[in-house]
Number of protein chains: 2
Amino acid sequence: MTETTQDLLTVGQVAETFAVTVRTLHHYDEIGLLTPRERSYAGYRLYTASDLERLATIVVYRRLGFGLEEIAELLAGEGDLVEHLRRQRAAVTTRLTELRELVTALDHALEAEMGNRPATTEELKDLFGDGFDESYAAEAQERWGDTPAWTQSQARTATYIKADWESVKAEMDAVNAAFVAALESGEPPTSAAAMDAAEAHRRHINDRFYDVSYSMHQGLGEMYVTDARFTQTYEDLAPGLAAYVKAAIDANAARQQ
Amino acid sequence: MTETTQDLLTVGQVAETFAVTVRTLHHYDEIGLLTPRERSYAGYRLYTASDLERLATIVVYRRLGFGLEEIAELLAGEGDLVEHLRRQRAAVTTRLTELRELVTALDHALEAEMGNRPATTEELKDLFGDGFDESYAAEAQERWGDTPAWTQSQARTATYIKADWESVKAEMDAVNAAFVAALESGEPPTSAAAMDAAEAHRRHINDRFYDVSYSMHQGLGEMYVTDARFTQTYEDLAPGLAAYVKAAIDANAARQQ
DNA sequence: GCTTGACCCTCACGCGACGTCAGCCCGCAG
DNA sequence: CTGCGGGCTGACGTCGCGTGAGGGTCAAGC
């Protein structure tokens with residue numbers, strides 16, 4: 001049944017038995033993880049039964065994803081196997097969720113590439129109204145095209161599909177509604193409600209478009225009262241809202257120490 | 001709002017804006033993936049707006065898990081993005097299932113390590129009867145301990161927990177039942193039914209214990225009629241079964257061309 | 001004008017587990 | 001004696017940077 005060649009196997013035979021490559025066995029020898037007890041006079045590696053046992057354990061641990069050094073520890077009796085198993089499990093599950101997120105990101109990108117992204121500005125106009133026309137986009141490019149924030153924003157929104165823009169719009173509407181509510185209930189821009197709305201505003205831009213520090217946020221607030229187009233947008237929602245928003249943003253920025 | 005330093009950003013600024021390290025930018029420069037258009041007279045890298053745009057795209061692709069070389073291709077306009085996305089998705093999902101299997105393997109190993117593996121031979125005796133006692137195991141070790149097959153078998157069964165052994169027993173019973181049915185219905189060992197049972201037998205050992213080629217399988221069949229203990233086991237199931245099994249194994253081996 | 005500290009530069013090795021030559025040796029069959 | 005199928009030992013390549021080492025640059029404060 002066994003070819004009893006003195007019970008010593010050469011690398012090739014061992015490699016085939018355990019479904020690993022010869023190079024792998026060489027490597028294990030190099031790093032001292034598995035050194036065959038014997039060598040033929042010609043220098044051939046000869047594996048004994050105990051070597052095979054050790055290799056069997058190594059192969060099992062490798063399938064469990066352990067590193068070679070870690071395996072060496074375990075074989076030396078140092079370290080608790082159960083603890084290593086737990087750590088490994090934790091690491092693998094972490095990687096699993098990362099990969100799952102990657103898949104959804106890829107699906108997202110695929111959808112976007114397949115033509116699900118808003119055709120030019122058509123659908124965006126439907127969503128955001130006529131204030132969002134080509135001339136606006138062109139001017140924005142003109143004014144901010146060379147800022148990092150604009151670049152970042154372009155990179156992120158490039159993969160937004162219609163559903164994303166709908167979420168963006170919903171969030172934006174919610175923030176505006178919060179501002180209007182605070183204003184109309186007579187609360188000052190320094191009230192918690194107004195400042196919370198300002199913070200929500202900052203987060204919205206930060207999450208959806210580009211990183212916004214508190215000072216950058218104040219820059220935006222300033223613009224809302226100095227740039228006629230932005231002022232108009234806010235005034236259409238409620239009289240005095242543009243200035244109110246700016247003040248709330250300033251108060252919120254001051255609130256952060 | 002923007003610090004307009006001639007619209008040229010240094011590595012540090014760019015790195016912070018895109019949440020990458022300076023080293024990464026150096027690396028992209030080294031491999032020619034992103035070479036800043038300009039350098040200061042002191043040799044400082046100066047990134048222009050178009051450099052930032054390119055970097056933005058690179059960062060997005062990186063998040064999607066593409067390799068740098070692949071990204072270079074895409075940026076050069078070679079290769080279809082959608083196709084790359086699909087390939088990437090396929091690769092990631094493959095890796096996902098691998099990792100899922102790894103987790104179950106780890107859970108398995110954990111269960112086994114936590115004491116769920118059969119205490120010595122107690123539970124095995126319950127399952128397999130008294131034929132499975134220590135003297136048997138010792139003798140097996142004695143006879144086959146130095147064969148690769150034995151080593152492989154030990155490595156695999158070492159992580160078997162009670163549930164695994166129950167599955168093993170169920171499979172074994174099913175195979176034996178098939179042999180008995182074929183024998184008692186008067187079909188010859190060369191019948192399809194008998195040969196199929198032999199093949200199931202080989203697969204069972206192959207999957208649960210160690211790799212079994214057809215010739216090795218015939219070696220086992222031979223042993224069933226020459227080793228009294230094995231013969232007895234089969235004869236207890238049905239008179240003449242040991243010889244019948246051997247013949248079926250030989251027929252099945254011959255069937256494979 | 002000088003020092004300080006924060007940045008920037010260019011090498012160049014390290015990582016993890018082998019894959020992949022290259023150049024050479026051994027043993028056995030014809 | 002000559003192949004041919006192994007086995008041997010270097011040693012470099014992989015992938016995307018991390019991490020020093022050793023040394024300039026620049027704006028600010030003294």
Side-chain angles (χ1 to χ4, degrees), chain A residues 3 5-6 8-47 51 55 58-75 84 87-88 91-92 95 98 102, chain B residues 3 5-6 8-47 51 55 58-75 88 91-92 95 98 102:
Chain A
E3 56 271 27
T5 54
Q6 196 63 12
L8 296 177
L9 302 187
T10 63
V11 265
Q13 298 170 301
V14 174
E16 198 174 0
T17 305
F18 287 87
V20 299
T21 68
V22 171
R23 178 67 179 99
T24 297
L25 293 175
H26 283 177
H27 185 59
Y28 291 171
D29 193 0
E30 274 172 30
I31 65 173
L33 178 60
L34 177 66
T35 306
R37 303 286 142 204
E38 300 196 35
R39 290 277 187 137
S40 78
Y41 100 98
Y44 285 22
R45 274 166 256 262
L46 297 175
Y47 292 81
D51 291 332
L55 177 55
I58 292 173
V59 168
V60 169
Y61 285 163
R62 276 259 66 199
R63 275 195 210 139
L64 294 179
F66 288 126
L68 298 185
E69 203 163 345
E70 209 170 355
I71 294 177
E73 267 183 44
L74 288 171
L75 285 173
H84 278 78
R87 269 215 301 276
Q88 180 68 5
V92 174
R95 185 88 186 104
E98 285 174 11
L102 219 183
Chain B
E3 55 271 27
T5 55
Q6 196 65 10
L8 296 176
L9 302 186
T10 62
V11 265
Q13 298 171 301
V14 174
E16 198 174 359
T17 305
F18 287 86
V20 299
T21 68
V22 171
R23 179 66 178 99
T24 298
L25 294 174
H26 283 177
H27 185 58
Y28 292 171
D29 192 359
E30 274 172 32
I31 65 173
L33 177 59
L34 177 66
T35 306
R37 303 286 142 205
E38 300 196 33
R39 290 276 187 138
S40 77
Y41 100 97
Y44 285 22
R45 275 166 255 260
L46 297 175
Y47 292 81
D51 291 332
L55 177 55
I58 292 172
V59 168
V60 169
Y61 285 164
R62 275 259 68 196
R63 276 197 209 134
L64 293 179
F66 288 127
L68 298 184
E69 203 163 345
E70 208 170 356
I71 294 176
E73 268 182 42
L74 287 170
L75 285 173
Q88 179 69 4
V92 174
R95 185 85 185 109
E98 285 174 12
L102 219 184

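Computed from a predicted structure; not experimentally measured. So that the names make sense, note that chain A is the first sequence line, chain B the second, and so on, each numbered from 1.
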Among residues 22-34 of chain A, which residues get a heavy atom nearer than 4.0 Å to DNA chain C?
A/R23, A/T24, A/H27, A/Y28

When the distance from [atom1] of [X] to [atom2] of [N] is rounded to whole Å, what number comes out?
X: A/E16; N: D/dG5; atom1: CD; atom2: P; value: 16 Å
X: B/E38; N: C/dC8; atom1: CD; atom2: P; value: 17 Å
X: A/I58; N: C/dC18; atom1: CD1; atom2: P; value: 10 Å
X: B/Y61; N: D/dG16; atom1: OH; atom2: P; value: 16 Å
X: A/Y44; N: C/dC28; atom1: OH; atom2: C1'; value: 11 Å

Please lay out, stage by stage, how A/L75 and A/L33 fare under the test side-chain contact (heavy atoms from CB on, under 4.5 Å).
CA-CA 9 Å; A/L75 285 173; A/L33 178 60; 4.2 Å; yes

Least distance between heavy atoms, [X] atom then [Y] atom:
X: A/L102; Y: B/L64; answer: CD2-O, 3.3 Å
X: B/P36; Y: B/R45; answer: CG-CG, 3.4 Å
X: B/A15; Y: B/T21; answer: CB-C, 4.0 Å
X: A/L46; Y: A/T10; answer: CD2-CG2, 4.1 Å

Please report the C-alpha distance between B/R23 and B/E30 in whole Å, then the side-chain angles of each, then the deciding distance to 0.1 Å, and finally whether the salt bridge (Lys or Arg N to Asp or Glu O under 4.0 Å) criterion is met.
CA-CA 10 Å; B/R23 179 66 178 99; B/E30 274 172 32; 3.3 Å; yes

Phosphate OP1/OP2 of [N]: any [X] side-chain N/O under 4.0 Å:
X: B/R45; N: C/dC9; result: yes
X: A/Y41; N: C/dG27; result: yes
X: B/R62; N: D/dC15; result: no

Which residues pass the ring-ring contact (aromatic ring centres under 6.0 Å, His included) test with B/Y28, not counting sequence neighbours?
none

4.5 Å side-chain heavy-atom contact, B/V11 and B/D29:
no

Student check: side-chain heavy atoms of A/E73 and A/H84 closer than 4.5 Å
yes

Between A/A42 and B/G12, which residue's closest nucleotide on DNA chain C lies nearer the 5′ terminus?
B/G12

For the side chain of B/R39, starting at C-beta, report the closest nucleotide among C/dC18, C/dC9, D/dC8.
C/dC9

With sugar-phosphate meaning primed atoms plus P, OP1 and OP2, does B/T21 contact a base, only sugar-phosphate, or nothing at under 4.0 Å between heavy atoms?
sugar-phosphate

Using rotation axes that map the C1' atoms of four end pairs onto the next four (five pairs an end), what angle separates the end axes of the helix from C/dG1-D/dC30 to C/dG30-D/dC1, to 10°?
30°

